[in-house]
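Heads up, the thing below is written out as structure tokens.
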Amino acid sequence: MDCVVTGGNVKVLAKAIHSLSRIGDELYVEPQEDGLALRSVNSSRSAYACFLFAPLFFSRYTIPSGHAFRCKMAIKSVQAVFRSLASLEKTVEKCHIELDKQKDRLTFTLHCKHGLLKTHNLSFQDSESLQAVFDKDSCANVFRAQPRLLVDTVVHFPPSLEEVTVAVSDERMWVRNHVDEDTEQSKAMLTELCLASDEFDHFAVQAHNSVTFCLKELRGLLVFAESTGLPISMYFDEPGSPVVLSVTDSVLEGNFVLATLSDDPNHRKNNTRRAHSPPPPPPDDFMSDDIDSYLIAMDTSIAPGPSATGPPTPPLAESTYSEQPAAANHRTRIHSEEEEEEETADSDRPPNKKFCSLFFGSVLPPSSQMSTQPVTSQEVLASDSEDDT
Amino acid sequence: MPLSTQSQADDEQYVLVASLDHARNLSNILKAIAFKDHAIFSATPNGLKVTVEDSKCLQANAFIQAEIFQEFTIKEDLVGFQVNLTVLLDCLNIFGGSTAPGVSTALRMCYKGYGYPLTLFLEEGGVVTVCKINTQEPEEPVDFEFCSTNVTNKVILQSESLKEPFSELDMTSEVLQITMSPSQPYFRLSTFGNSGNAHYDYPKDSDMMELFRCTKTQTNRYKMSLLKPSTKALALSCKVSVRTDSRGFLSLQYLVRNDDGQICFVEYYCCPDEEVE
């Protein structure tokens, strides 16, 4: 692997790494034929982010032919390479990323002003490919906005706030802080902002749903989007299925997949039987919802090689796909119900948020595209379900 | 002027009297060497030298020439004492150390001699504070025997170019390795941390390089923990001279320009960590 980034693109790359650092502790690096993929996932697997930099983003982009190389490394150490973010644009002229096979090091060389050469030889671990299974194109609700709109919205929430709830109608989007059900009503403060559809570049609502997700990762993406000036697209369906935030331009694509708090158990039971969403609850009901879980799952197993690049998703595969999360969902739900019983028995326990799963497929020989499609292969999902049976 | 109301009789008792219109000119430069509590002051008719040491391996000196002071009266050839530097800095900033224009603390520093406290008269906006800091038996500073005739390699850089690398040094690395060589890589800073190693290379023809005089390839390691405090001096300075002698001892000399455009020097000496093959 040998790539060269020049000029303003160095800052874009650095910002991407910084926003990935809001997600997890490790950076997954995978040079693919269609570009350099940088990914990260958080420890509870409830958030995943991926940036794909197309070959055109680089002034030179060559990847190892033959066997695929992929690795993971501490994101902190990569961040350290681009530590002086503010001055990066002024000082760095060229960034060279190269794999030193002999020494097992990934070398970042920054050619700076005044001839200063900064070389960072970073150690890495071999890793499996990291890919989340999500399908933003099938989402019922799609929005696109300039980063400024979301930055100005998010700025009203305190840094300590963990989750926000986004509710939508045909004409409006409401963003409010999520108040934990365990919080005493008298102490809770609710901040709600209402955005009209005309503030968005694109506003398409099919399901009047509201979803709750973590703010930290959104903030991470906003930093990136703001500095690059790229509009943010948002895709979501229903509580419990992930919200996808993405930025795209001609040479890069970034996708942040965040788990959302899932709705009450009955609602979810419906989901497990139906491939498509049940009648959306009115947004106002949301506060009283029995929020007990995030939807996350991650499969880091090694999929049978050739099958992973399987056929493009036909409708059939899609239905398999939607059933699959449901199964896992069900599994985790049972678990959380048990917990609930315990909790009622011992109500003094500190409130604990229950997590279930988002779907990640991790495929060793990855299909060459970013997983904007549900990493298609049914085989992967099948291998996933083997754990269940 | 409250400070001038001091009677002449009082002044006569002092072996050392030094006055500054802007106490910040002193406190700033003292901050550049403030990594340990104990500071050895030695005053001569040429000015004031303040020395701070760590583990007998690192020594920092700040030189404030007599001309920097509005008044510098010394009755002996050498006046030496030791005070707690942290306390002294707190006193110098007793009015808050405001950097607002037009607001400035004036200082008159007096010392009666062995056994007496160091007395500071600080005045800002008509308010006078008198601080007395107990002095301690002065220790003998370590002589690093760093002699300019033994200097093997020397470079002078504009501080600007070193500030960024020093601010982003990998602190998980135990040592900072400095390579100076008449050939490639000329001047190199290296760290060896948990996540890998990093090198910062300066070509000898860089426009940041004011002087490049290296005679022999030398690679030495210095404890990061020892060198880290020098970052403060670097931040204040406009030029830095990096020298190593034949034993691998390191001398860092910082040229510091104060708010009034006068020049002071801060100097760090550091022992090498170990032999590198």
Side-chain angles (χ1 to χ4, degrees), chain A residues 10-11 14 17-18 21 24-29 40 71-127, chain B residues 155-212 214 219 224 228 231 234-235 237-240 242:
Chain A
V10 179
K11 194 181 174 188
I17 288 163
H18 277 264
S21 74
D25 297 330
E26 276 170 329
L27 179 72
Y28 291 74
V29 179
S40 190
C71 67
K72 64 176 176 184
M73 52 215 303
I75 203 158
K76 262 197 199 152
S77 57
V78 190
Q79 254 185 304
V81 175
F82 303 105
R83 191 166 293 160
S84 319
L85 256 188
S87 60
L88 210 57
E89 216 164 4
K90 276 179 278 164
T91 56
V92 181
E93 287 159 358
K94 190 166 90 172
C95 169
H96 187 182
I97 307 168
E98 194 179 17
L99 173 69
D100 186 338
K101 272 219 175 108
Q102 259 114 50
K103 290 186 195 149
D104 265 358
R105 291 278 193 272
L106 201 59
T107 302
F108 290 77
T109 311
L110 301 183
H111 299 255
C112 306
K113 273 238 174 82
H114 313 298
L116 171 60
L117 200 66
K118 298 183 190 175
T119 314
H120 293 261
N121 299 307
L122 304 181
S123 48
F124 60 81
Q125 283 176 283
D126 287 333
S127 80
Chain B
V155 299
I156 297 179
L157 285 155
Q158 290 188 23
S159 303
E160 211 49 52
S161 63
L162 276 178
K163 280 177 189 169
E164 196 182 271
F166 265 82
S167 71
E168 56 182 47
L169 283 180
D170 180 357
M171 295 311 286
T172 64
S173 172
E174 247 184 58
V175 294
L176 175 67
Q177 180 178 294
I178 301 181
T179 305
M180 294 210 261
S181 167
S183 56
Q184 285 259 343
Y186 305 115
F187 180 64
R188 165 177 276 194
L189 306 172
S190 311
T191 56
F192 307 88
N194 293 340
S195 58
N197 55 52
H199 304 290
Y200 295 85
D201 295 347
Y202 294 78
K204 66 173 181 178
D205 53 0
S206 164
D207 45 1
M208 285 288 149
M209 189 77 77
E210 301 231 326
L211 179 98
F212 183 86
C214 292
T219 301
M224 186 69 93
K228 191 63 187 171
T231 313
L234 181 68
S237 66
C238 43
K239 281 179 198 180
V240 54
V242 184

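Per chain, numbering begins at 1; letters A, B, ... match sequence-line order.
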Query raised in the report: Taking all atoms of both residues into account, what is the closest heavy-atom pair of G115(A) and P203(B), and its distance?
Result: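 For G115(A) and P203(B), the tightest heavy-atom pair comes out as O-CD, 3.0 Å.
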A quick test of your reading: do over 12 heavy atoms of other residues, nucleotides or ligands sit less than 6.0 Å from [atom1] of [X]?
X       : atom1 : result
K204(B) : NZ    : no
D25(A)  : CG    : no
E174(B) : CD    : no
K163(B) : NZ    : yes

[atom2] on [Y] to [atom1] on [X], rounded to 0.5 Å:
X       : Y       : atom1 : atom2 : value
K76(A)  : S195(B) : NZ    : OG    : 10.0 Å
L117(A) : S206(B) : CG    : OG    : 11.5 Å
L157(B) : H114(A) : CG    : NE2   : 11.0 Å
R83(A)  : D170(B) : CZ    : CG    : 7.0 Å

Requested in this report: May I ask you to test the E168(B)-F82(A) pair for a side-chain heavy-atom distance under 4.5 Å?
Outcome: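 The answer is no, as the side chains (C-beta and beyond) never meet within the 4.5 Å cut-off.
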Query raised in the report: If you tally heavy-atom pairs under 4.5 Å against chain B, which of T107(A), L122(A), L116(A) wins?
Result: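 Heavy-atom pair counts peak at L116(A).
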Requested in this report: Return the option, out of N197(B), N194(B), T172(B), with the maximum number of heavy-atom pairs under 4.5 Å with chain A.
Outcome: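 Between N197(B), N194(B), T172(B), the count favours N197(B).
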Report task. Please determine if E164(B) and K118(A) form a salt bridge, counting it only when a charged side-chain N lies under 4.0 Å from a carboxylate O. Result ->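 Yes.
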Query raised in the report: Relative to chain B, which segment of T91(A) carries a heavy atom at a distance below 4.5 Å: side chain, backbone, both, or neither?
Result: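 For T91(A), the side chain is the part near chain B, not the backbone.
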Query raised in the report: So what's closer than 4.5 Å to chain A heavy atoms on L162(B): side chain, backbone, both or neither?
Result: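 Answer is neither: L162(B) stays 4.5 Å or more from chain A.
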Query raised in the report: By a 4.5 Å heavy-atom criterion (distance strictly below it), what part of P165(B) contacts chain A: side chain, backbone, both, or neither?
Result: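 Only the side chain of P165(B) comes within 4.5 Å of chain A.
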